[in-house]
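Notes for the one structure printed next.
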Amino acid sequence: MDIRVLVAYATKYGATQEIAEKIGEVLGQAGLQADVLAADRVKDLAPYQAVVLGSAVYIGSWRKEAAGFLEDNEAALAKRKVWIFSSGPTGPGDPVELTQGWKFPEKLQPIADRIGPRDTALFHGASDPKKLNFIEKRMLKMVKASSGDFRDWDAITAWAAGIAAALKGETPASET
Ligand SMILES: Cc1cc2nc3c(=O)[nH]c(=O)nc-3n(C[C@H](O)[C@H](O)[C@H](O)COP(=O)(O)O)c2cc1C
């Protein structure tokens, strides 16, 4: 049984790409074929039975490459098993508490509802002040977000392991 999974991501500074690569690695270790690609470089969903799509979050929005991917591929995604994640909050504590319940851009929610993802996750992100421009640094200060790498590799690994198990039929896919 060959299951091919696409892990598509959109990043600005690389933190989300590394999360996508980790997810791809965990899926690969579980015996699935995982391709990890930038969302704007994906040409065809035909080879894939399942898609994991993730984006960095900037001012409550997904990167345009991930939003565009969701919009452009709605019909194909609706026929596949889909998992969604955002990489955002920096700071200690539960990521969803840090964003006061925010998990996914409201603007894209109607498309997600039509696609019906198996799960929508919010992971901690990472921001390196050395990489940010002046305006971005000011914005981070304004929203009192911490800078640093808060990515929770255990949470990411566990989530990816759950996807692998669901695709291999070991446990029912988690629903949100
Ligand atoms: C200017 C700016 C705005 C941000 N806005 C949000 C936000 O609205 N919500 C959030 O959860 N994280 C926000 N973040 C944190 C980033 O999403 C986080 O650092 C992410 O992991 C960066 O991913 P990337 O390296 O793949 O671009 C913001 C970061 C910056 C620099």
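One-based numbering, in listed order, for ligands and for the atoms of each. Computed over heavy atoms, backbone and side chain alike; hydrogens, waters and symmetry mates excluded. Keep in mind it's a predicted model, so treat the numbers as computed, not measured.
- Counting heavy atoms closer than 4.0 Å to ligand 1, residue Leu140 contributes side-chain atoms (C-beta onward) but none from N, CA, C or O.
- Contacts of Leu122 with ligand 1, taken as heavy-atom pairs under 4.0 Å, are absent altogether.
- Residues Glu136 and Lys12 are paired through a salt bridge, judged by an N-O separation under 4.0 Å between the basic side chain and the carboxylate.
- Contacts of Ser87 with ligand 1, taken as heavy-atom pairs under 4.0 Å, involve both backbone and side chain.
- Closest to atom 17 (O) of ligand 1, if we only count protein heavy atoms, is Val57 O, 2.4 Å.
- Placement of Val51 and Leu27 in two distinct hydrophobic clusters is found when ILVMFWY residues are connected by side-chain heavy-atom separations under 4.5 Å, directly or transitively.
- Of the options Tyr58, Phe150, Trp62, the smallest heavy-atom separation from atom 2 (C) of ligand 1 is shown by Tyr58.
- Protein heavy atom in closest approach to atom 8 (O) of ligand 1: Gly60 N, 2.8 Å.
- Only the side chain of Thr99 comes within contact range of ligand 1, with a heavy atom under 4.0 Å; no backbone atom does.
- Taking only non-hydrogen atoms, the option from Gly88, Gly91, Pro95 nearest to atom 12 (N) of ligand 1 is Gly88.
- Ligand 1 places these atoms under 4.0 Å from at least one heavy atom of Gly125: 21 (O).
- Between Ile59, Thr16, Ile19, it is Ile59 that holds the heavy atom closest to atom 7 (C) of ligand 1.
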